[in-house]
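Please read these numbers as outputs of a predicted model, since none were measured by experiment.
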Amino acid sequence: MRAHSSATTTSPIAVATPGPERPGFGTLQAALGVVAFSLTFPATAWGLEGFGPWSLVAVRSVLAAVIAGGCLPALRVPLPARRHWAGLAVVGAGVVLGFPLLTTLALETSTTAHAAVVVGLLPLTTALFSALRVGTRPSRSFWIAALAGAAAVLAFTVQQSGGALTTADLYLFAALLVCAAGYTEGGRLARVMPGWQVIGWALVLCLPLTVPVAAFALAREPVQLTAHSVTGLLWVAAGSQFAGLVVWYRGMAAIGIPKASQLQLAQPLLTLVWSVLLLGEDLTVAAPLTAAAVLVCIAVTQRSRG
C-alpha cells in the first residue's frame, strides 16, 4: 500500500463527515464504546487468572493488531498521510500501550470496583486535554456539571479507599493522563479519517514493540489457559482494544470530544455492576448514590452547548 494524501483527505472524510449531521447516532456510538470499555476491567481480572500482566497487555495488543491488520489491506485502505503519523503515535502510546499496561498493573492489587471509580475521572481529564489540544471551549454549565461529576466520583473513591492512596492508585492516575491524551488525539484524527482506521493504524504502528514484548513475556510469565483467562483475553483484544475504540472514536467525531467524554461518567458505574455479576465483588451503598449524581451530570453536559 502506498501513501496517498488525496485518498486520506477525501474519501475518508466522506465516510467520517456524516457523523456531525446525526448527533443522535454519534451519541449512540459513543455510548456503545462506553459499554465495551466498562467490561475491560472485569475481563482484565479474568485474563490475569491465566496470564501475567505483561503477557496479557502485549498479547491483547497483538491480537487486536491482527484484526486491524487484516481489515486495512482487505478494504484497500491507503496509508495515512505523513502529517497524521505523529497523532497516531500518541494514540498508540496512550490507548494501545500506556492505559492497558498501567491499569493491568493496578488490577494486580486493586479491585475492579476501586479501579473503576478512580478511572471515572477520565471524562474531565479528556475534556481538559481537548481544551488544550484542539481549542474547544465548552460552556460554563458544561464545566460545572463536569466538575460536579468528577467530584462525585472522587468522593466515592476516597470513601472506598479510606483516603489513602496506594501504588495501584498511582498507576491509575498515570493511566488517566496517557489515556486522555490518546482519546483526544484519536478524536481529532477521527474527524479526517474513519474511527476504525485511527485505532487500526495505531495498533499496527505498535506491532514492532508489542510482538517482541509478547514473545519475551510469554516465555517468562506462567500461562494457564482457562475459560476465564481466554475469554478475558479475547474480550480486551477484540472488544475493548478494537471494536470499542472504533465506535468510540466515531462517536467523538460526531458529537465532539468534550460531550463524548462525559458519557464515560457512566463507565465506572457500569463496571461496578459487571464486577458484582461477573466477579462476585461486593457493591457498597454509596454506588447508587454516585450513580444518581453522575447521571444528572451526564444529562446536563449533553444538553449544554459549547
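- Ring orientation note: the planes of F37 and Y183 are close to parallel, at an angle under 30° on the 30°/60° scale.
- At a threshold of 4.5 Å between side-chain heavy atoms, the hydrophobic network of Ile, Leu, Val, Met, Phe, Trp and Tyr places I144 and V296 in two separate groups.
- When side chains are defined from C-beta on, W248 counts as touching V34, because their heavy atoms get closer than 4.5 Å.
- Across all non-hydrogen atoms, the minimal contact from A64 to Q241 is CB-CG, 3.5 Å.
- Counting only distance, with no hydrogens or angles, the side chain of T210 and the backbone of V62 share no donor-acceptor pair below 3.5 Å.
- The minimum heavy-atom distance between I255 and A30, with the atom names listed, is CD1-CB, 4.4 Å.
- L122 and L170 are assigned to two separate hydrophobic clusters, defined by single-linkage of ILVMFWY side chains at heavy-atom distances under 4.5 Å.
- L177 belongs to a hydrophobic cluster whose remaining members, ordered by chain and number, are F129; membership requires side-chain heavy atoms of ILVMFWY residues under 4.5 Å apart, directly or through intermediates.
- For the residue pair T112 / E281, a side-chain donor-acceptor distance below 3.5 Å is found, with atom types taken as modelled.
- T103 contributes a side-chain N or O that, together with a main-chain N or O of P100, makes up a donor-acceptor pair within less than 3.5 Å.
- Between C206 atom SG and L88 atom CG the span is 9.5 Å, to the nearest 0.5 Å.
- In this structure, CZ in F242 is found 6.5 Å from CH2 in W196, a value given to the nearest 0.5 Å.
- Taking hydrophobic clusters as Ile, Leu, Val, Met, Phe, Trp and Tyr residues chained together by side-chain heavy-atom distances below 4.5 Å, W85 shares a cluster with I199.
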Task: Residue pair L97, L101: steps toward the side-chain contact (heavy atoms from CB on, under 4.5 Å) verdict - done: CA-CA 6 Å; L97 301 176; L101 177 60; over 6 Å; no

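- Side-chain N or O atoms of T271 include one that pairs as donor or acceptor with a backbone N or O of Q267 at under 3.5 Å.
- Of all the heavy atoms in P268 and A116, the pair that sits closest is CB-O, 3.0 Å.
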Open item on the list: F156 vs L272, test: side-chain contact (heavy atoms from CB on, under 4.5 Å). Steps then yes/no.
Closed with: CA-CA 12 Å; F156 186 91; L272 289 175; 3.9 Å; yes

Task: Pair F173-L102, side-chain contact (heavy atoms from CB on, under 4.5 Å): steps then yes or no - done: CA-CA 9 Å; F173 286 132; L102 290 166; over 6 Å; no

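- The cluster map of Ile, Leu, Val, Met, Phe, Trp and Tyr, joined by side-chain heavy atoms under 4.5 Å apart, puts F51 and F216 in different clusters.
- Across A180 and T125, no two heavy atoms sit closer than the pair CB-CG2, 3.5 Å.
- Each side chain to side chain donor-acceptor pair (under 3.5 Å) pair with one or both residues in residues 35-44, not counting sequence neighbours, appears once here: S38-W274, T40-S240.
- E221 is listed as a side-chain neighbour of P53, based on a closest heavy-atom distance under 4.5 Å.
- For W54, the CH2 atom is loosely surrounded, since the number of other residues' heavy atoms within 6.0 Å does not exceed 12.
- Summarising the geometry of T126 relative to T184, their closest heavy-atom pair is O-OG1, 3.6 Å, with the distance given to 0.1 Å.
- Using a 30° and 60° split on the angle between ring planes, F99 and F41 fall in the parallel class, below 30°.
- Residue Y171 qualifies as open at atom OH: its count of foreign heavy atoms under 6.0 Å is 12 or below.
- A chain of hydrophobic side-chain contacts below 4.5 Å, direct or via other Ile, Leu, Val, Met, Phe, Trp or Tyr residues, connects V213 to V223.
- Counting only distance, with no hydrogens or angles, the side chain of S229 and the backbone of Q224 share a donor-acceptor pair below 3.5 Å.
- One finds the CG atom of L121 at 10.5 Å from the CG atom of L128 (value rounded to the nearest 0.5 Å).
- Listed here is the closest heavy atom pair of L278 and P42: CD1-CB, 4.2 Å.
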- [ ] Starting from the C-alpha separation in whole Å, work towards a yes-or-no answer on side-chain contact (heavy atoms from CB on, under 4.5 Å) for T167 and T109.
- [x] CA-CA 9 Å; T167 301; T109 56; 5.8 Å; no

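- Interatomic distance, NE2 of H84 versus CH2 of W201, reported as 12.5 Å (0.5 Å rounding).
- A distance of 15.0 Å separates CZ in R250 from CZ in R191, rounded to the nearest 0.5 Å.
- Distance alone, capped at 3.5 Å, places no donor-acceptor pair between the E185 side chain and the V90 backbone.
- The distance from the NE2 atom of H228 to the CG atom of L48 is 13.5 Å, given to the nearest 0.5 Å.
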